[in-house]
Every structure is written in C-alpha cells, then in structure tokens.
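Following: one structure in structure tokens, then a few remarks.
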Protein chains: 2
Amino acid sequence: MALPAATTLLAWTRLLRAADVAGQHCAATLRTVGLPPPEWYDVLLALERSGAQRPRDLQTRLGTEQYALSRLIERMAKAGLVTRTPCPDDARGHTLALTIQGLAMRAAMWPIYAEAIETALGARVAEEDRAALARLLAPLAEPISG
Amino acid sequence: MALPAATTLLAWTRLLRAADVAGQHCAATLRTVGLPPPEWYDVLLALERSGAQRPRDLQTRLGTEQYALSRLIERMAKAGLVTRTPCPDDARGHTLALTIQGLAMRAAMWPIYAEAIETALGARVAEEDRAALARLLAPLAEPISG
DNA sequence: GGAATTTCCATGCATCCGCATCGAAAGGCG
DNA sequence: CGCCTTTCGATGCGGATGCATGGAAATTCC
C-alpha cells in the first residue's frame with residue numbers, strides 16, 4: 001500500500017473541512033429557528049419519498065449506524081413525528097410511518113434547510129463546478145471495499 | 001436567496017456522505033489498532049509543525065470549537081502527550097507543548113493514518129481527479145461569510 | 001487610574017454517540 | 001420437529017459533544 005500523495009492529503013483535509021463547515025452551518029441554521037437537526041430531515045424525507053418502511057431499510061438507505069437510528073427513531077416518535085406499528089410478517093420489527101405532524105415538519109424544515117444548503121454550497125461554487133464536484137465525489141460516497 | 005439547484009443538492013449529499021465514509025474509515029482503522037482518534041493526530045501535528053502554542057492559536061488553526069479543544073487538550077494531557085505550562089505574558093492562558101511521548105505518538109500514528117487515508121481517498125480517485133477535487137473544495141473549506 | 005468591555009479558558013448539565021451485548025424472532029439444516 | 005445460526009431492534013454504560021455560563025486576566029476608553 002502506497003503512502004498518500006500530496007494531492008491526496010490536500011483533498012483529504014479539504015474534504016473533511018468542507019463537510020464540517022457546511023454541516024455545521026446547516027445544523028446551526030435549523031437550530032437557531034427552533035427546528036430539529038438535519039438527520040431528522042433525512043428520516044422524514046426518506047419516509048415520505050419511499051413510504052412506510054422498517055428501521056433496517058431506513059438504515060441501509062441513510063447509511064446510519066443501527067443503534068444511532070434506533071435512538072433517533074425513538075426521539076422522533078416521542079416528538080410525535082413518526083409512529084412505530086408492529087410489523088405483520090416479522091414480529092421482531094415494526095413499520096415506521098410518518099404522522100401528519102411529521103409530514104408538516106418536513107415541509108416546515110425544507111425552506112430553512114434549503115436556504116442553508118444554498119448558502120453553504122450553492123452560493124460558493126459555480127454551477128459547472130458543482131456538477132464536477134458531484135461527479136468527483138461519487139466514488140467517495142460509496143461504502144469502502146464495496 | 002435562491003433555492004438550491006439540482007447540482008447543488010447532489011453535491012451536498014455526496015459531500016456529506018463522502019466525508020462521513022472517509023472519516024469513519026480512518027477513525028475505525030486507528031481504533032482497531034489501539035491508537036487515538038484522528039483529532040488527536042491533528043493536534044500533535046500542529047504542535048510539532050508550528051511549535052508550542054496557546055490553545056487559542058490551535059483553535060484557529062484546527063477550526064475546532066473552543067470547549068471541544070479545551071477538553072481534547074485535557075484528555076491528551078492526562079495521557080501524557082502534551083503539557084500545559086503557564087503562559088509568561090498572559091496569565092489567563094498557558095502554552096501547549098508536545099512531550100516526548102506526544103512526539104512518539106504522532107510518529108506511531110502516521111503510518112496507520114496515512115494508509116487509511118490512502119485507502120479511503122487516494123486509492124479511489126485518480127491523481128488528476130484528486131487535484132481537481134482539492135481545487136473545487138477549496139472555497140468550501142473556508143469559514144462561511146468570511 | 002478606574003470602570004466597562006473583550007478575550008481566554010474551563011466546566012455544569014443535558015444530550016448524544018460508540019461499543020458491546022441482550023432478548024426475541026426468523027431462517028437453515030439434519 | 002429440535003437445534004444452531006443469523007437477523008432485527010433495543011439498551012446499559014462510559015465517554016464525548018453542544019450549549020450556556022463562569023471566572024479571571026487583558027484591553028479599551030474615558
């Protein structure tokens with residue numbers, strides 16, 4: 001295994017820094033207006049887009065750790081945004097579904113979240129560069145050794 | 001403020017995902033061989049490269065939150081990797097310096113860390129693409145509105 | 001010089017995360 | 001069927017994080 005080239009190290013530090021800056025900005029923006037953090041949005045969106053589903057499916061879709069998702073779901077259920085109903089054909093699990101409030105919350109979060117994304121990324125990179133960036137990041141967004 | 005374009009959203013999701021995948025891989029690699037997490041490396045490297053310095057300087061250099069750095073330093077001091085000596089010309093603060101063990105720890109971490117970076121990034125993106133990626137990420141790694 | 005402000009660092013508290021593990025159900029296999 | 005392995009989801013526990021705040025020293029301003 002070769003040691004990293006200079007371009008690798010530069011890309012590495014910038015990748016981590018850029019994601020941190022952007023992520024923090026979004027989380028902070030949502031928080032200052034009293035809305036839940038971005039990961040709640042991801043769950044709400046996934047349930048809205050792909051319909052009611054089991055935690056395992058959500059876990060694969062979002063790429064979160066099992067225990068992290070378990071507790072995230074618990075908090076969101078406590079907040080009345082999702083429901084956990086027993087799964088008919090697998091008594092181990094349950095089916096997650098959005099509530100009306102969950103649907104409303106996603107709708108309420110979107111404008112704020114969208115503007116934060118625009119500020120953190122859209123407004124700072126030209127259109128053609130964003131396309132190139134997305135293309136270059138594609139392989140890195142895949143799980144390692146898969 | 002315009003809402004995000006499609007390329008913005010794609011770049012956004014991939015940026016966060018890529019950084020998470022890469023960061024997790026590195027942290028996990030270090031942990032499985034019993035070494036401290038990546039942020040310890042960053043502190044050790046900064047102290048080695050730029051010499052003894054105050055927490056504030058380190059904070060600016062690394063872009064961490066003040067309280068996070070304060071507690072990180074405390075853990076590293078407890079582990080014997082850095083020392084905190086009273087600052088001669090500012091009685092509020094102190095000067096951070098590497099110990100011999102801190103120097104040794106950075107040296108011990110580097111091969112493992114480097115290989116993890118190579119696996120997570122270097123081996124998955126071509127040389128010319130890494131250069132392009134670093135260039136495209138440069139503006140995003142800067143603090144927002146600064 | 002003295003008061004108000006700002007900078008520097010630490011910390012109480014609640015929350016969240018990571019790891020390991022657990023209980024329960026499903027699936028595989030003789 | 002009875003046993004063993006795998007999958008699903010929750011959780012105890014220690015530790016890390018974020019937020020707010022605190023205290024102390026430095027700086028600014030009059």
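Sequence lines set the chain letters: A, B, ... in the order given, protein chains first and strands last, and positions in each chain run from 1.
- Once you apply a 4.0 Å limit to the heavy atoms of chain A, the touched nucleotides of DNA chain C run 5' to 3' over C/dC16 to C/dA26.
- When atom types are taken as modelled, the side chain of A/Thr32 and the backbone of A/Thr29 share a donor-acceptor pair closer than 3.5 angstrom.
- Hydrophobic clustering (side-chain heavy atoms under 4.5 Å, transitive across Ile, Leu, Val, Met, Phe, Trp, Tyr) groups B/Ile73 together with B/Leu62.
- Considering only side-chain N and O atoms, B/Tyr67 lies under 4.0 angstrom from the phosphate OP1 or OP2 of D/dC19.
- To the nearest angstrom, C1' of D/dT11 lies 16 Å from CD of A/Glu65.
- Contacts between residues 38-58 of chain A and DNA chain D, defined by a heavy-atom separation under 4.0 Å, are made by A/Arg54, A/Pro55, A/Arg56.
- Screening residues 64-76 of chain A for side chain to side chain donor-acceptor pair (under 3.5 Å), with sequence neighbours left out, gives no hits.
- Taking hydrophobic clusters as Ile, Leu, Val, Met, Phe, Trp and Tyr residues chained together by side-chain heavy-atom distances below 4.5 Å, B/Leu3 does not share a cluster with B/Trp12.
- For A/Arg14, there are no salt bridge (charged side-chain N to carboxylate O under 4.0 Å, His left out) partners at least two apart in sequence or on another chain.
- Applying the salt bridge (charged side-chain N to carboxylate O under 4.0 Å, His left out) test to every pair with at least one member in residues 88-97 of chain B, sequence neighbours left out, gives these pairs: B/Arg54-B/Asp90, B/Asp90-B/Arg92.
- For A/Leu96 and D/dC8, the CG to C1' distance is 12 Å, given to the nearest whole Å.
- Remark: the backbone N or O of A/Leu140 is paired with a side-chain donor or acceptor of B/Arg124 at under 3.5 angstrom.
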* Apply the test side chain to side chain contact (heavy atoms under 4.5 Å, CB included) to residues B/Gln53 and B/Thr95: give CA-CA distance (whole Å), side-chain angles for both, the deciding distance (0.1 Å), then the verdict. => CA-CA 5 Å; B/Gln53 55 197 287; B/Thr95 299; 6.0 Å; no
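- In this structure, the side chain of B/Arg130 engages the main chain of B/Gly122 through a donor-acceptor pair within 3.5 Å.
- Both B/Leu72 and B/Leu96 are part of a single hydrophobic cluster, where members link through side-chain heavy atoms under 4.5 Å apart.
- Sorted by residue number, the members of residues 68-93 of chain A with any non-hydrogen atom under 4.0 Å from DNA chain C read A/Arg71, A/Arg75, A/Asp90, A/Ala91, A/Arg92.
- Contact annotation: A/His94 reaches the phosphate of D/dA10 (side-chain N/O to OP1 or OP2, under 4.0 Å).
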